[in-house]
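Letters go in sequence order (proteins before strands), and every chain restarts at 1.
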Number of protein chains: 2
Amino acid sequence: MTNRVRRSMPLLPISIVMQLTDLTARQIRYYEEHELIRPARTEGNKRMFSLNDVDVLLEIKEYLDQGLNMAGIKKIFELRVQPKAEVAEQKTVSDTELRQILREEILQSRSYERGGYRQGDLSRFFH
Amino acid sequence: MTNRVRRSMPLLPISIVMQLTDLTARQIRYYEEHELIRPARTEGNKRMFSLNDVDVLLEIKEYLDQGLNMAGIKKIFELRVQPKAEVAEQKTVSDTELRQILREEILQSRSYERGGYRQGDLSRFFH
DNA sequence: ACTCGATGTTACATTTCCTTACACAAAAAT
DNA sequence: ATTTTTGTGTAAGGAAATGTAACATCGAGT
């Protein structure tokens, strides 16, 4: 359930996404222009990307490499069936709420798996 | 193996960490001053935090709530045994390499679990 | 009352990111 | 063979996020 929530949480600034995807800012913004991704915005209008966004970007890159154009890629994403539950969830949960959820889950999770590690473990959090 | 790598990858700007932890920038920087965390820096000297860092920060917060002071918390972290393999890994892998690894893993992972979802799945990546 | 530890606040500098506009090469369309 | 479209580069100017540094505050303990 919350898996999807986690992956769609806007956490990353564009600089990191650039490093993760090897795309330029220009490219990333261009793909957003074509509505292939919809990064969240901070109060100050800066883009914040989710892991999902990164994933989509990598996929776009792949398709471009294979010779597809924007139209083709756009169509592919359109055809992808989107579970209704997911849509509902996305519409009802705000970014701020997402982070609240995340924080709570982190707090809960930590109590368990703290063993011989120097620091607590956040990995459980991601799936 | 790469689990630890992932969690120690510097991805988050301070603003997001603030939201995730409910700490102020002042507090976060203060804890860094006391070497409880060691966030990476961008070329432009901005702090970039890993999930590990967030985890540690939440722990610090917890301890402070319980009345501990910096010295106490510091000591606790010191006493935490750190597996040797981890140390070696942390010393030999640069941030840039980390992101490279991450990217590659994302690419690999996506091919599998793409089913009825609108977008590829990055979750496998985290643990 | 005084000190110290943890945090708030303010000021100023720098970096990062934004939008907008123009350029351009390669591909597609005419 | 031109002309258009597409995907991307690049530059300008401005706004937002973050940095450091200094001083202020406030509670706990002495």
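Residue A/R41 places its side chain closer to C/dC18 than to any other of C/dC18, C/dC22, D/dG7. Taking the side chain of A/S15 as heavy atoms from C-beta on, and the options C/dC17, D/dT20, C/dC18, the nearest nucleotide is C/dC17. The B/P13 side chain lies nearest to D/dT18 when the options are D/dT18, C/dT19, D/dT10. Comparing C/dG8, C/dT19, D/dT8 against the side chain of A/L64 picks out D/dT8 as the nearest. Between D/dG7, C/dA6, C/dC18, one nucleotide has an atom nearer to the side chain of A/N45 than all others, and that is C/dC18. Of the candidate nucleotides D/dG7, C/dA6, D/dA22, D/dG7 has the atom nearest to the side chain of A/Y30. Nearest nucleotide to the side chain of B/R26, out of D/dG19, C/dG8, C/dA6: C/dG8. When distances are taken from the side chain of A/K46 to each of C/dC22, D/dT20, D/dA15, the shortest belongs to D/dA15.
For the pair B/K61 NZ and C/dA6 C1', the computed distance is 15 Å after rounding to whole Å. In this structure, B/E33 places its CD atom 12 Å from P of C/dG5, rounding to the nearest Å. Here the P atom of nucleotide D/dT8 and the CG atom of A/L36 are 11 Å apart, to the nearest Å. The interatomic distance linking A/L68 (CG) with C/dA28 (C1') rounds to 16 Å, in whole Å. Regarding B/L23, its CG atom lies at a distance of 12 Å from the C1' atom of C/dA6, rounded to whole Å. For A/N69 and C/dA28, the CG to C1' distance is 10 Å, given to the nearest whole Å. B/I28 places its CD1 atom 15 Å from the P atom of D/dA17, with the value rounded to the nearest Å. Between the CE atom of A/M18 and the P atom of D/dG9 there is a distance of 9 Å, given to the nearest Å.
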*asked:* Could you go through A/F49 and A/I14, starting from their C-alpha distance and side-chain angles, then the distance that decides it, and tell me whether this counts as side chain to side chain contact (heavy atoms under 4.5 Å, CB included)?
replied: CA-CA 7 Å; A/F49 300 78; A/I14 199 170; 3.8 Å; yes
*side chain to side chain contact (heavy atoms under 4.5 Å, CB included) evaluation trace for A/Q27 with A/T21*: CA-CA 11 Å; A/Q27 289 175 300; A/T21 60; over 6 Å; no
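With hydrogens and angles ignored, no donor-acceptor pair closer than 3.5 Å exists between the side chain of A/R29 and the base of C/dT19.
Pairing each heavy atom of B/V56 with each of B/L36, the nearest pair is CG1-O, 3.7 Å.
Side-chain nitrogen and oxygen atoms of B/T42 include none within less than 4.0 Å of the OP1 or OP2 phosphate oxygen of C/dT15. Within the structure, every side-chain polar atom (N or O) of B/Y31 is placed at least 4.0 Å from both OP1 and OP2 of C/dA6.
A salt bridge between B/R41 and B/E32 is present, with a side-chain N of the basic residue lying under 4.0 Å from a carboxylate O of the acidic one.
Along DNA chain C, the nucleotide nearest A/F49 and the nucleotide nearest B/Q27 are compared for position; the residue whose nucleotide lies closer to the 5' end is B/Q27.
Each of A/L51, A/L23, A/I28 was checked for a side chain to side chain contact (heavy atoms under 4.5 Å, CB included) with A/V17, and the lone residue meeting it is A/I28.
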